Amino acid sequence: MKVRVRFAPSPTGPLHIGGVRTALYNYLFAKKYHGSFILRIDDTDSARFVSEAEKYIIETFKWLKITFDEGPHCNGNYGPYRQSERKAIYREYIDKLLSKNLAYIAFDTYEDLEHKRHNIPNFQYDASTRMNMINSLTLSKKETKKRISNNDQYVIRIKVTPGQTIVINDLIRNKININSSTLDDKVIYKSSNNLPTYHLASVIDDHLMKITHVIRGEEWLPSTPLHIIIYQYLGWEQTIPIFAHLPLLLNPNGKGKLNKRDSKQSEFPIFPLQWIDHKTKEHISGYREIGYLPEALINFLALLGWTPNNNQEIFSINELSTLFSLDKCSRNGIKFDYQKAKWFNHQYIQQKSDEDIAKLFLHHYANKLENQNFDRIAKIVRMVKNRVNFIKDFWIESDFFFIAPIRYEKHSVQKHWKIESSIQLTELCTLLTSISNFSSKILEKAIKTWIANKNYHTSKIMNACRLSLVGAAKGPNIFYIIEMLGKEETITRIKKAIKVLM
RNA sequence: GGUCCAUUCGUCUAUUGGUUAGGACACAAGAUUUUCAUUCUUGAAAGAGGGGUUCGAUUCCCCUAUGGACUACCA
């Protein structure tokens, strides 16, 4: 049997990083077994629908180079791939459930249900209460028809038989037994938008799309028994997919599921891409904008809840897909370790070629670097890349190559600018003027010889020199900096520093 | 409140009945670097608690505790 898995996000906003991880696991699983990976848009919630969300989802996976075999953007033989476009398909199965008396129509108002939930302990719409409610079981056929033709709002509820044991066979959690008496008669269809709810729609679609494995977040575990019942009611028990419920991503320092607010407080992104909220006009930046490399994000995410136990940490996407297996997934919730994500990105930046990184750097700081020579940028990247975690850090680490320091960092001045510095650096300028070949090796030799002849302190001279060129006690090898800056600029900067700091 | 899931260093995890409980991130110290980083070396750091089962339990079972999810005409 050919493996077919799906990622089925709801287009209600930007994709959560946990959702990206779920998609990744599905993708790796499909790749490993040479199966199909399907994108399905679960847009049965009209009230929370956000039109830009689908584009955002597709853009995210394009950036990550995670490709779908089927989906609304790339077609396939099992479409349409948006649930809102599948209304007619669902109708048939809803009628089937109704006619077989496995579901019923309910007219109870939201207020009435809320009231009962508040006032009756552990109130549940189920076998014990359904005969006291307003539904097609308690109303006459005539009355039910009348209400429907009157356009009264109604829902269709699944009729759960109590006292049954439902068995979930989960690839990650093994066998779970649930007593159906603890389940309620869930709403599976709502007349307000003529659409099924997630539970019904996803079961029908998973069946019709021949999904073999449902790999999703743990938050779905409690409703899985309901899904199994729907498969049974529809006569599909032989083709129930294999379930695998992934542990959730948790907030690193506080409590609960990873969410937007926690991410903001800890200053790490929770979305893969930037998201602009059209209502609040708020800009929330994502992993891409911070300067994450997609490969690094994928590697980090892959190891959040899964590990091939060989102590390896860095994996290419191909390695991941050959090694991946669901039974190696952990079962416990995972606190999101942003430090480790950072470390992964650092590793991947070191791995990439200077030219590739230079392109990203250029793209990230297009306005600042527009007139710069590309080869020079690549050389600078080579010099500073080992001190950088994110693409955005490149500017902080290399700005002095492009702009002369405007001020000199106070602490560095106190530490490295001595009384004799002005005189010594003036002499250094004279020396530099006499050197025609400004390569770092020649510079180093000449400067060191001069220092030795004069009996100066190397560190004092060079630190003061660095301060005047960089504006702070940071940066790569000083002779590289001098070479990169060139004769004229170097001398100008030293003279300026002498003027300002004397 | 009810149902379900989980519990090894601070964090992510390895070890699925016998180990000095291993690795990585973070942290600390040292080395390298004329600066700041990088890098290298070293260190500190763990099987929630209580009962069983067993010659032997981190590993299997039960209870308690703690954490998490779900409990919508949301997915």
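Hydrogens, waters and symmetry mates play no part in the numbers below; they use all other heavy atoms, side chains included. First the proteins, then the strands, lettered A, B, ... as listed; each starts at 1. Model, not experiment: these values are computed from the prediction.
At least one test fails for A/Arg117 against the ring of A/Tyr125: distance under 6.0 Å to the centre or angle within 45° of the axis.
When Watson-Crick and G-U wobble pairs are counted only if both distances are under 3.5 Å, B/A28 pairs with B/U42. Base pairing of B/C74: no nucleotide in any strand meets the Watson-Crick or G-U wobble criterion (both distances under 3.5 Å). B/A6: Watson-Crick or G-U partner is B/U66, with both key distances under 3.5 Å. Summarising the base pairing, B/U54 is matched to no nucleotide, lacking a Watson-Crick or G-U wobble pair whose two defining distances lie under 3.5 Å. Across all strands shown, nothing is found opposite B/U16 as a Watson-Crick or G-U wobble partner with both distances under 3.5 Å.
Backbone-only engagement by A/Lys257 is indicated by non-hydrogen atom pairs under 4.0 Å involving sugar-phosphate atoms exclusively. Heavy atoms of A/Gly217 sit nowhere under 4.0 angstrom from any nucleic acid atom. A/Ser192 comes within 4.0 angstrom of a base, heavy atoms only. A/Arg331 comes within contact range of the sugar-phosphate backbone alone, with a heavy-atom separation under 4.0 Å but no base atom that close. At a threshold of 4.0 angstrom between heavy atoms, the contacts of A/His457 with the nucleic acid are absent. A/Asn193 comes within 4.0 angstrom of no nucleic acid atom, judged by non-hydrogen atoms across all strands. Within 4.0 Å of A/Ser10, counting heavy atoms only, lie sugar-phosphate atoms of the nucleic acid but no base atom. A/Asp337 comes within 4.0 angstrom of a nucleotide base, judged by non-hydrogen atoms across all strands. At the heavy-atom level, A/Ser202 lies nowhere under 4.0 Å from the strands shown. Using a 4.0 Å heavy-atom criterion, one finds that A/Ile478 contacts the bases of the nucleic acid, with or without backbone contacts as well. Among the protein residues, A/Ile178 comes within range of the sugar-phosphate backbone only, with heavy atoms under 4.0 Å from sugar or phosphate atoms but none that close to a base. At a threshold of 4.0 angstrom between heavy atoms, the contacts of A/Asp108 include nucleobase atoms, whether or not backbone atoms are also involved. Within the nucleic acid shown, A/Pro247 has no heavy atom closer than 4.0 Å to any nucleic acid atom. Backbone-only contact: A/Arg173 has heavy atoms under 4.0 Å from sugar-phosphate atoms and none from a base.
Between A/Pro222 and A/Ala8, the residue anchored nearer the 5' end of RNA chain B, judged by the nucleotide with its closest heavy atom, is A/Pro222.
Atom NZ in A/Lys335 sits about 12 Å away from atom P in B/A69, given to the nearest Å. For A/Asn477 and B/U38, the CG to P distance is 17 Å, given to the nearest whole Å. For the pair A/Leu250 CG and B/G10 P, the interatomic distance rounds to 17 Å; values are reported in whole Å. For the pair A/Asn389 CG and B/A37 C1', the interatomic distance rounds to 10 Å; values are reported in whole Å. Whole-Å rounding puts the A/Asn251 CG to B/G67 C1' distance at 13 Å. Per the geometry, CG belonging to A/Leu183 stands 11 Å off P belonging to B/C4, to the nearest Å. Remark: P of B/C74 and CD of A/Gln83 are 13 Å apart, rounded to the nearest angstrom.
Counting heavy atoms from C-beta outward, A/Asp170 and A/Leu221 have side chains that approach closer than 4.5 Å.
With hydrogens and angles left out, the side-chain atoms of A/His115 and A/Glu111 include no donor and acceptor closer than 3.5 Å. Defined by atom type and a distance below 3.5 Å, a donor-acceptor pair is missing between the side-chain atoms of A/Tyr456 and A/Glu420. A donor-acceptor contact closer than 3.5 angstrom is absent between the side chains of A/Glu295 and A/Gln351.
Look at A/Ser330 and you'll find a side-chain N or O under 4.0 angstrom from OP1 or OP2 of B/U13. Put simply, A/Lys116 has no side-chain N or O that comes within less than 4.0 Å of OP1 or OP2 on B/A72. At the phosphate of B/A24, neither OP1 nor OP2 sits under 4.0 Å from any side-chain N or O atom of A/Lys342. In terms of phosphate contacts, A/Arg157 brings a side-chain nitrogen or oxygen within less than 4.0 Å of OP1 or OP2 of B/C73.
Ring geometry, A/Phe300 versus A/Phe344: the interplanar angle falls from 30° to 60°, so the pair is classed tilted. The aromatic rings of A/Phe268 and A/Phe336 lie parallel to each other, their planes meeting at an angle below 30°, with 60° marking the opposite boundary.
Distances were taken from every side-chain heavy atom of A/Asn386 (C-beta onward) to each of B/U34, B/C4, B/U38; the shortest belongs to B/U38. Proximity note for A/Lys190 (side chain, C-beta onward) versus B/U38, B/G68, B/C74: the nearest is B/C74. For A/Asn332, taking side-chain heavy atoms from C-beta onward, the closest of the listed nucleotides B/A75, B/U13, B/C73 is B/U13. You'll find that the side chain of A/Trp343 is closest to B/A24, out of B/A24, B/C4, B/C74. Minimum atom distance to the side chain of A/Val155 is reached by B/C73, of the listed B/C73, B/C25, B/U38. Checked against B/U35, B/A75, B/C73, the side chain of A/Val187 finds its nearest nucleotide in B/C73.
Distance check on atom C1': B/U59 versus B/G22 gives 16 Å, rounded to whole Å. The separation of B/U53 from B/C61, taken at their P atoms, amounts to 16 Å, rounded to a whole angstrom.
Using a 4.0 Å cut-off between charged nitrogen and carboxylate oxygen, A/Arg82 and A/Asp43 do not count as a salt-bridge pair.
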